[in-house]
Student: 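Take a look at the following structure, please.
In what follows, chains are A, B, ... by sequence order, proteins preceding strands, each numbered from 1.
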Number of protein chains: 2
Amino acid sequence: MSSSQIPSIQLHGRTYNLPQRPTVIICIDGFDPAYLQQGIEDAILPNLASFLRTGFHATADCAMPSLTNPNNLSIITGAPTSVHGISGNYYLDKETGQEHMIVDDTTMYGTTILAKMADAGVRVAAITAKDKLRRIINHGLSPSKKSICFSAQCANESSISEHGIDDVEQWLGQETPPQYSGDLSLFVLDAGLKLLQEDRADLFYLTLSDYIQHKHAPGSKESNQFMQDIDFRIGQFTNLGAIVAVTGDHGMSDKSDQDGKPNLLFLEDFLNSRWPFAGSRVICPISDPFVKHHGALGGFVRVYLGDCSVLQEMVTACRGLPEVETALAGSEAADLFEMPRDREGDFVVISKKGFVVGSRRDEHDLSQLGEQRLRSHGGLSEQKG
Amino acid sequence: MSSSQIPSIQLHGRTYNLPQRPTVIICIDGFDPAYLQQGIEDAILPNLASFLRTGFHATADCAMPSLTNPNNLSIITGAPTSVHGISGNYYLDKETGQEHMIVDDTTMYGTTILAKMADAGVRVAAITAKDKLRRIINHGLSPSKKSICFSAQCANESSISEHGIDDVEQWLGQETPPQYSGDLSLFVLDAGLKLLQEDRADLFYLTLSDYIQHKHAPGSKESNQFMQDIDFRIGQFTNLGAIVAVTGDHGMSDKSDQDGKPNLLFLEDFLNSRWPFAGSRVICPISDPFVKHHGALGGFVRVYLGDCSVLQEMVTACRGLPEVETALAGSEAADLFEMPRDREGDFVVISKKGFVVGSRRDEHDLSQLGEQRLRSHGGLSEQKG
């Protein structure tokens, strides 16, 4: 039954047919199942509703931690983070003790389905909301392979030589949207649509921003409007004859108490309060200096120790905290969640659904959260997407 | 059976006979029962040994917190801290939110046995090791009442008009000792002896410093030498015909682990790590900017909250910590330990014997502890003295 007539590529043990007609993969960042359910109930998502009725639909567990970078990479490699190597936005280099932000593909292992497709002659268009993700997923893509890869955030800086397309702003007739807006995501979809209309790509990877989901719960005016705008564009893709697949990278949970204050645990402060000589360093892999709306507070952190003799004691204590869903030794967590062992912390801590974990109080600018309830992700409670 | 012939004074419901012959009360600061027991076993304390054989001896519970100021005041008032008002070296003014160090008698309630005795014509000599304590216990004493009151620390600054004695250095023939030394305490005893020899007082209150006890465990060369030097002087007092009573203000415990590192809990960091919006302020009543050898780390702290709605939750969590002996709501602690209610924290935390509690890591200069094991007090485990 193998379709030997259709050419295919292979990656990480899986076979992928080359697209026979335009194929569009849309990754809605922070696409918690509650947004879909609420939108279906509110009858504002006719196109996604028709997908549910006539297409394939499932709620899946995303890779851990439930963050943007690891899951975008898992989507375009078909593999867990242990295989592609990107298990956070932020990591600590155990050799040097220095913290690094992942800003490009240098810490990535292997290649991507997109790059393999490009190598096989498929015209790939990969468009991201934020430029930092563009610089990772452009791995193996290049204008010389007829790939187009740019971000909405830096649309006004695009060039044929680097992005495979000149001056996206003028071409699309839209100004580069603000980095902190829902429009950044809609720009990605509009650009994808125009590329499809102009027949400039065969395989599209369009990945959005979770700015709206971080700020607005399912059923709110803002999130409903945003989901409706996305759904409308999904309809346009199908009308143009594309095969469309829509997925999320991770879920999103409310993390505030009844008074609207974030439910948070500053884990490095906690560890230093009780084991001041252990040299604990808590790394929040959700950290992102370009993002203000979650204050680097998520559901998953990695702890690195100067003195590992107290590791088991700490893990036990963390498990006993009411804010904590589970704490696991690094090797155990790496095995369980298929994360790269060599980049794992000495232990990891995952918060309960309604909670976030931070590092030190002085490292998190809570004033940036503003008046809105904190919504965030990273833990097991945001694994459904 | 009442000795109506002997004149007496009354304070806080108790009657005290005026001394019929020279009466010397010596308060050995940090006089843990282990120092006495070890010294008796090592046969280096012949005079104290004879007190045990032929006099009255008991191990008593001191006032809580087991600190110098509260217990010196309890000794010279015959009353708990709820009556005399001095329940720490350091306190937070609930009205202003400001922290204050107790440097004189302005926050004290009522008067002292010493002052009452002076009023009744008894010549009182009160000598302290440190000047900060002198400025509290000189309450109601004055040269006009023939009282003498000075500190070893400021012996070179003494004057007839303020201290009832001129130039103690020259009179005693000893230089003012270093503030951080065992000699500071021996100076107190030597000065008392000389006053007794010169018949300049009837009632002596001689209160020492716990510098040696903070640094050296019972049975060490240094603490044995110190105890021997004290015992020798006690013998001289009895030889001169004085009635001598020796007591301690509080005990002293080892607070380090097997590697010599202090076992400590930074409670304010702990509380802020889990309740970052509660406005927790931890006050260490042992704090003393003039003292380096315990890093302001003791066994008893007071917690003041901006938001008391989480008080019970915090108390329960603190009780569950392995470093903690008990945690009590302020009113409960005040009732149990007879402390002044109006100066009590919203709750108090008392560490286990081998542990100390601090506030924030950045508030404690651990480098001052040096290489020696931390020895400290303040908790229930140092109540025996």
Student: Does any heavy atom of chain B fall under 4.5 Å from the side chain of A:R361, the backbone, both, or neither of them?
Tutor: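 Just the side chain, heavy atoms under 4.5 Å.
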
Student: If I take atom CG from residue B:L271 and atom CZ from residue A:F270, how far apart are they, to the nearest 0.5 angstrom?
Tutor: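 Output value for this atom pair is 11.0 Å.
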
Student: Tell me, for B:L267 versus chain A, whether the close heavy atoms (under 4.5 Å) come from the side chain, the backbone, both or neither.
Tutor: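 It is neither, since no heavy atom gets under 4.5 Å.
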
Student: About how many Å separate CZ of B:R274 and CG of A:D269, when rounded to the nearest 0.5 Å?
Tutor: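 These two atoms lie 13.0 Å from each other.
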
Student: Distance check, rounded to the nearest 0.5 Å: A:W275 atom CH2 versus B:L265 atom CG?
Tutor: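 It comes to 10.0 Å.
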
Student: Using side-chain contact (heavy atoms from CB on, under 4.5 Å) as the criterion, point out the one residue from B:D259, B:L366, B:D257 that pairs with A:F277.
Tutor: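 Only match with A:F277 under side-chain contact (heavy atoms from CB on, under 4.5 Å): B:L366.
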
